[in-house]
Number of protein chains: 2
Amino acid sequence: MVTIYDIAAKANVSAMTVSRVINNTGKISDKTRAKVRKVMEELNYVPNHNARSLVLQQTRSIFLLITDITNPFYTTLARGAEDAARKSGYRLLFGNSDENLAKEVDYIQTILTTRVDGVLIAPAGDPSLPHLDTLKKHNVPFVLLDREVPGIECDIVLGDSKDGARRLVEHLISQGHKRIALVNGSSSVSSARLRLQGYQEALKLGGVECRDEYLFEAGFGPSHDPHGIKCWFDGLSEQPTAIMAGNNVLALAIIRLLHERGLKVPDDLSVVCFDDLGPFAEIDPFLTVAAQQAYQFGYLGIQLLIGRLAERETASPWNKIVLPADLLIRRSVKRLTPAD
Amino acid sequence: MVTIYDIAAKANVSAMTVSRVINNTGKISDKTRAKVRKVMEELNYVPNHNARSLVLQQTRSIFLLITDITNPFYTTLARGAEDAARKSGYRLLFGNSDENLAKEVDYIQTILTTRVDGVLIAPAGDPSLPHLDTLKKHNVPFVLLDREVPGIECDIVLGDSKDGARRLVEHLISQGHKRIALVNGSSSVSSARLRLQGYQEALKLGGVECRDEYLFEAGFGPSHDPHGIKCWFDGLSEQPTAIMAGNNVLALAIIRLLHERGLKVPDDLSVVCFDDLGPFAEIDPFLTVAAQQAYQFGYLGIQLLIGRLAERETASPWNKIVLPADLLIRRSVKRLTPAD
DNA sequence: TATGGTAATGTTATCGATAACATTTTAATT
DNA sequence: AATTAAAATGTTATCGATAACATTACCATA
């Protein structure tokens, strides 16, 4: 590999002069600058980022850790983060924890050891607390995305899960539904808890009974066992008329299940969920959802983080951005008549 | 940040001894090892990856550059690459070029400057040639994914685009279609060219006329202007009975267009495409597609690359893996009767 | 022509780790 | 107790860059 010393030797200057040309610092005569530039071209010089960040103590790169790279919510979020980082001249590195604490802790290690300047992270859940504490202990600035973690104070971009869930359920109630089930993510994930609250609130406000057997806790990730949902569904004493899914992945699992059981949506059962399904479900925009502004999550998250990096020691108060969800009413909810 | 020198000082040993404990090299007495380990824990030591790779001249990390992070084909591919890399103890970093040469060249720069050990890359197209030449010039091993680039010899994992396209079109012909259009990716992308060949071959074999006006070249990426497709479609002298899309993103654009024009699939027009639409379209598996083994692209790509890294100087012949596509017949093709 | 200030360039130390070689301990053998 | 090999640890140089300080070159002014 070509180093600044190779350049220096060939251009008959010192390494420091080459460094100055590269970084446009200090005073350099036009003649030397041209000479050095020419040699750099000839030798195809590329600076060694590792060496540079070793001495500079910063990398100008940000790590984005998401929990599910196959979920359009997160990929869209990633696009937003990428655009924002690019605009500010930061390199963005991605990681995918797969909703898995072991993978998450691995990535935390990567983050620490590569000395990135900051981190955007969608935590796997409340048990991510020690991981985030580790980041704090090592003084790595981070912004949480999509999920709060009790015990951690930091900048954060959230969706209004409670409100979104409430509106979904209100919609179901307005269509005459009274037996409404919730298949949710793990209660160790803050957004799942809030969606449950929204669900309960809506039932209460609507004067609808909240039955325990209509609550089922699965996981938000795609690798979570769908068997549990089936057992739950098959064991119900009375079938609900509508199911709300805690996120898009769960909605998928539910619809698969209903399909296996020969039940049609919405004729036999209505389904709604949090999060839209992304462009590839657009062929037939069928599911009624609370769609989040995924792109904004990433874009604003990067902005918060870069702001934090810029001020560094000044301890301005933590920012908390809450993005509303859009209720998109489509065709997966049946209007029930009193007869139903 | 805590360094091995801090550890060394506190444990009353030399930095080298600490390094030996960390890397499990050389001979260390159990007593010192325990002592050093304890201090490392106390101080929350994390090795500095930049410093290490500076002296080791390797990073044990691989870069995966994909062209569309919102496309389930690539995200699934990424999952495969992630799993394979993880299994071999390599760190995987992602980048998203967005089918955009400018972003691609930026990432090439990142790749070179961070001195990753190797690269998995889905090139934006034939114009990526200079980018790949740069990698070659700098001796960075890489594996191409999904697309060949004329002028580049290297390990590669491809899908059987020609065969897949042929089978899609044969299926259309078998259903009585004779006016079959192809909306394809840019002809500067090898897979698009092969899909065109497969299309033409099938028409020929089926004794169906190949009309120029039934060929339209758009782009594979989601940011490509859909306006072009509309103009093309609206300007046709005779409407086709079926359209084949060069990939899933184009299929989406076509279906959107038909929807706007009030045409129903498959009643008014049949549609098929290359690549499946991912799990989020599974709610209603509607589109007939040639599905590729996306996960395998990533998984095998990493395996090829790591094999190459292991041998290093031995110049074994280039590997070329061609993965077949599965024809999934669903409901987006209408069976035409002679009357149609 | 000497003088001083600025422009241009160079030298040395440093970032945090490891390789290569050097030295000291330790324990076994005579 | 002397000898010696192996085990354990230490020293120094190095990776590729930049910061901080040092020096030289150059030009304008007195």
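Here the structure is a predicted model, which means the values were calculated and not measured. Within every chain, numbering begins at 1; the chains are lettered A, B, ... in the order of the sequence lines, protein sequences first and strands thereafter.
The CG atom of B/L112 sits 15 Å away from the P atom of D/dG16 (whole-angstrom rounding). Atom CZ in B/R20 sits roughly 11 Å away from atom C1' in C/dC21 (whole-Å rounding). For the pair A/M16 CE and D/dG16 C1', the interatomic distance rounds to 13 Å; values are reported in whole Å. Rounded to a whole Å, the CG atom of B/L43 is 14 Å from the P atom of C/dG16. Remark: C1' of D/dG16 and CG of B/N50 are 12 Å apart, rounded to the nearest angstrom. At whole-Å resolution of the value, NE2 in A/H49 and P in D/dT18 are 11 Å apart. The separation between A/R33 atom CZ and C/dA7 atom C1' is 12 Å, rounded to whole Å. One can place CE of A/M1 at 14 Å from C1' of D/dC15, the figure rounded to the nearest angstrom.
A close approach under 4.0 Å does not occur between any side-chain nitrogen or oxygen of A/S19 and OP1 or OP2 of D/dA17. The side chain of A/S14 contributes an N or O atom lying less than 4.0 Å from OP1 or OP2 of C/dG10. Using a 4.0 Å cut-off, some side-chain N or O of A/S29 falls inside it from OP1 or OP2 of C/dT9. In this model, the phosphate group of C/dG16 is not approached by any side-chain N or O of B/R52 to a distance below 4.0 Å at OP1 or OP2. Dashed line: the shortest gap from a side-chain N or O of A/K27 to OP1 or OP2 of C/dA8 is not under 4.0 Å.
Note on A/I4: a base of the nucleic acid sits closer than 4.0 angstrom, heavy atoms only. Across all strands shown, B/T25 has no heavy atoms under 4.0 Å from either base or sugar-phosphate atoms.
Residues A/P47 and B/Y5 both approach DNA chain D. Their nearest nucleotides, taken by heavy-atom distance, put B/Y5 toward the 5′ side. Across the interface with DNA chain D, nearest-nucleotide mapping of B/T17 and B/Q57 shows B/T17 to be the residue nearer the 5′ end.
Here the side chain of A/L54 is nearest to one of D/dT11, C/dT11, C/dG16, namely C/dG16. When distances run from any side-chain atom of A/Y45 to the nucleotides C/dT18, D/dA17, D/dG10, the shortest one goes to D/dA17. For B/L56, counting side-chain heavy atoms from C-beta on, the closest listed nucleotide (C/dT9, C/dA19, D/dA8) is C/dA19. Of all nucleotides listed (D/dA8, C/dT18, D/dT18), D/dA8 comes nearest to the side chain of B/T32. Side-chain proximity of A/V55 to the nucleotides C/dA7, D/dT18, D/dC15 is greatest for D/dT18.
Although no hydrogens or angles enter the test, the distance criterion places no donor-acceptor pair under 3.5 Å between the side chain of A/S88 and the main chain of A/A85.
Between B/D30 and B/R33 there is a salt bridge, with a side-chain nitrogen of the basic residue lying less than 4.0 Å from a carboxylate oxygen of the acidic one. Using a 4.0 Å cut-off between charged nitrogen and carboxylate oxygen, A/E41 and A/K38 do not count as a salt-bridge pair. One finds no salt bridge joining A/K10 and A/D6 here, because no Lys/Arg side-chain nitrogen approaches an Asp/Glu carboxylate oxygen to under 4.0 Å.
With hydrogens and angles left out, the side chain of A/R115 and the base of C/dG16 share no donor-acceptor pair within 3.5 Å.
The distance from atom OH of A/Y74 to atom OG1 of B/T75, rounded to the nearest 0.5 Å, is 14.5 Å.
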Please test B/V13 against B/K35 for side chain to side chain contact (heavy atoms under 4.5 Å, CB included), starting from the C-alpha separation and ending with a verdict. CA-CA 10 Å; B/V13 294; B/K35 189 171 54 176; 4.1 Å; yes
